[in-house]
Number of protein chains: 2
Amino acid sequence: MNSINQIAKELKVSKSTVSKIINGKAREARISEALEKRVLDYVEKVNFKPNSLARSLATGKSLTIGLIVEDIGDSFFGPMALYIEDQLKSQGYHVLYSSTLGNPIEAKVIMQSMIDKKIEGLIIAPTLDLSNQIKELQELKFPLIIFDRNIDDNQANFIGTTNYGSSKLLCEHLLKNQYKNTGFITIDSEQSQMKDRREAYVDFARENGMQENILSIPYETHKTDAIKSIEKWLLANPTVDSLYFSTNYLCISGLKVLRKNKLNIQNYGIVCFDDHESFDIIFPSITCMEQPLEAMSKEIVKYLLLQIKGKDILSDQIEIPATLIVRESSK
Amino acid sequence: MNSINQIAKELKVSKSTVSKIINGKAREARISEALEKRVLDYVEKVNFKPNSLARSLATGKSLTIGLIVEDIGDSFFGPMALYIEDQLKSQGYHVLYSSTLGNPIEAKVIMQSMIDKKIEGLIIAPTLDLSNQIKELQELKFPLIIFDRNIDDNQANFIGTTNYGSSKLLCEHLLKNQYKNTGFITIDSEQSQMKDRREAYVDFARENGMQENILSIPYETHKTDAIKSIEKWLLANPTVDSLYFSTNYLCISGLKVLRKNKLNIQNYGIVCFDDHESFDIIFPSITCMEQPLEAMSKEIVKYLLLQIKGKDILSDQIEIPATLIVRESSK
DNA sequence: AAAATTTAGAAAACCGGTTTAGCAAACTGC
DNA sequence: GCAGTTTGCTAAACCGGTTTTCTAAATTTT
């Protein structure tokens, strides 16, 4: 390994001189072009790369951003992470990411560990129970973006989609298509995006004198045997004429149930919050609200950089509209 | 912010003493229990967290692993990343990840940048054209795992699935079910996993005197308008009685084409390499080879840690069998 | 031609830790 | 009771950079 010290020794110049030249500050440090060239040539020759840990320690800049999601393998967070990374990369930043799997204890450990690593900003889809940690960071004026789901009484920058409004649009869409008794299948989560979707359903039902049929599946089981609960519930609620799934994976579970029980999918109106790769290849194709992934990721990066550059913490709460994609399942 | 220096000054002890106590080396450094307690209490009180950049610089250990995939938003790499992260986390490591999107130039930049950040090991699904960089690392005895697709003449540790063998099994499966003229739809990629799958198809066709029908879609277009090429090709090859898609997203594109053209999916036998969430909710459900994601990620982490701990570079080439999942589409 | 500036680079301090060497006091052995 | 050890801790060197301060020589000013 070669260090700036060795180079200095080899060339019989001072390490500060080498440092300045490497960082393109030769002119302002009034270093002769001859020496500059000599150093740069040598650096090139031995393929010297400065140790970025040392550099970060000295400058206080790590050029690293933390990204904490629920599950990087998920069809929402995975693509979001890709977009975010792509944009941050073009600004010279690296991404240190981690998945919480919804566990607040794990989330706290991850946050602390990232901060210990001197990340310059944090983008987080918070688990429940993270308010204190987030507020601490915010008081320290630490660049911070909350996304996807909000926390109570949030003073930090938030970026997400219009969960309440879009959820109502989905309900409305079903009613317009003559579905008058919608079942709402969701997970039992107090996360804001889930609460908003549910509230909109409830409000809509009340406003229109409709029956409220809600299946709330415990959060922990949602990806394993949610199927069983849905099955039981569907059989117990034969009068329901349409189904609104609050997430795409619940919808997929629901579709499996319908297939398995040889229930005719076409007898139901089906809508879902969030799109999925499979929704337009199956029959009937599934009507859904498509979240604005790219637009959200752009705002996230934009606001984070504003905070980092401006050293001013922002508290804008931004909701980008989702798009209703009408397909066969709701006709 | 508080540093070890400030703590030392505050408590009027030497910083080396503080360092040793913080690192649990009080006993072996023969520091009295009284002093140890006094320091620990103070550390607790001011909530001191050592600067991990400084620590890494001093110790040469960053406890960070680089993970380079093609696309973190993909249904193969996303879940793989989750598994890998999860296991590395339990060993105290962090993950610095990045997506190449298949671009070798980008890949090189990412590799260099991760190395500059003093990662302790690298897990990479290489793009083409990365042999030199990889060999350099390997000569430096740098802990390194190649996964998913291999590189030519690889001397480094490789972990993937049985692409050739499993591909043959898929062909065999179709033949056993009386499909005698299979079309193979793939991307025009020289990556090893793709080459292996294609070769198996070609070999099988020759061994059984079957016609070879291959559609090779240019890599760049594969996720955007692959659909058009598939459409054209299908219409131009009416005698094909079955379709073997070399990846799940190609299969999804293919299914869209079939639907769009009102071609009866059931007239074809369909198989696909790699499973997908949607394959058992659509009709007909799709027969596929399921890659052993969890098993592969376990081997990856196991071997990487062996290299890191043992300081011995391994060159085992490991292929974990994929599982044939028979569904309706091939009956 | 002496004083004041400028030039070109060296030296030193610092970032915040770890690690090795050093050292006075207390303890042991004979 | 004095050398040899052990104890308990401090001081200094180091990791590999950046940044501020310093200085000798060259130039300019007056």
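Basis for what follows: all heavy atoms, side chains included, without hydrogens, waters or symmetry-related copies. What you see is a predicted model, and the numbers here were worked out from it, not measured in a lab. Lettering of chains follows the sequences in order, A, B, ..., and the numbering in each one begins at 1.
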Can you check the [X] [atom1] to [N] [atom2] distance for me, whole Å?
{"X": "A:I7", "N": "D:dG16", "atom1": "CD1", "atom2": "C1'", "result": "11 Å"}
{"X": "A:I4", "N": "C:dA10", "atom1": "CD1", "atom2": "C1'", "result": "14 Å"}
{"X": "B:E28", "N": "D:dT7", "atom1": "CD", "atom2": "C1'", "result": "15 Å"}
{"X": "A:E36", "N": "C:dA8", "atom1": "CD", "atom2": "P", "result": "12 Å"}
{"X": "B:N23", "N": "C:dT20", "atom1": "CG", "atom2": "P", "result": "13 Å"}
{"X": "B:R27", "N": "D:dT7", "atom1": "CZ", "atom2": "P", "result": "12 Å"}
{"X": "B:I115", "N": "D:dG16", "atom1": "CD1", "atom2": "P", "result": "17 Å"}
{"X": "B:K49", "N": "C:dG17", "atom1": "NZ", "atom2": "C1'", "result": "16 Å"}

Do [X] side-chain and [N] base share a donor-acceptor contact under 3.5 Å?
{"X": "B:K15", "N": "C:dG16", "result": "no"}
{"X": "B:S16", "N": "D:dA11", "result": "yes"}
{"X": "B:K20", "N": "C:dT20", "result": "yes"}

Has [X] got a side-chain N or O lying under 4.0 Å from the OP1 or OP2 atom of [N]?
{"X": "B:N51", "N": "C:dC15", "value": "no"}
{"X": "B:N5", "N": "C:dG17", "value": "no"}
{"X": "B:T17", "N": "D:dT10", "value": "yes"}
{"X": "A:S32", "N": "C:dT7", "value": "no"}

>> Using the side-chain heavy atoms of B:S14, tell me which of these nucleotides is nearest: C:dG16, D:dA11, C:dA10.
In response: D:dA11
>> If you only use heavy atoms from C-beta on, which nucleotide in C:dG16, C:dT18, D:dG8 is closest to the side chain of B:R30?
In response: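 Output: D:dG8.
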> What pair of heavy atoms forms the shortest contact from B:F147 to B:I68, and how long is it?
Replying inline: CE2-O, 4.2 Å
> So, for B:L88 and B:V95, which heavy atoms are closest and what is the spacing to 0.1 Å?
Replying inline: CD1-CG2, 3.9 Å
Going by distance alone, is a donor N or O of one side chain under 3.5 Å from an acceptor N or O of the other, for [X] and [Y]?
{"X": "A:Q112", "Y": "A:D116", "value": "yes"}
{"X": "B:E70", "Y": "B:T127", "value": "no"}
{"X": "B:K117", "Y": "A:T64", "value": "yes"}

Under 4.0 angstrom, heavy atoms only, what part of the nucleic acid is [X] near: base, sugar-phosphate, or nothing?
{"X": "B:L35", "result": "sugar-phosphate"}
{"X": "B:K12", "result": "sugar-phosphate"}
{"X": "A:T59", "result": "sugar-phosphate"}
{"X": "A:I31", "result": "sugar-phosphate"}
{"X": "A:R55", "result": "sugar-phosphate"}

> Does B:E36 pair with B:R27 as a salt bridge, N-O distance under 4.0 Å?
Replying inline: yes
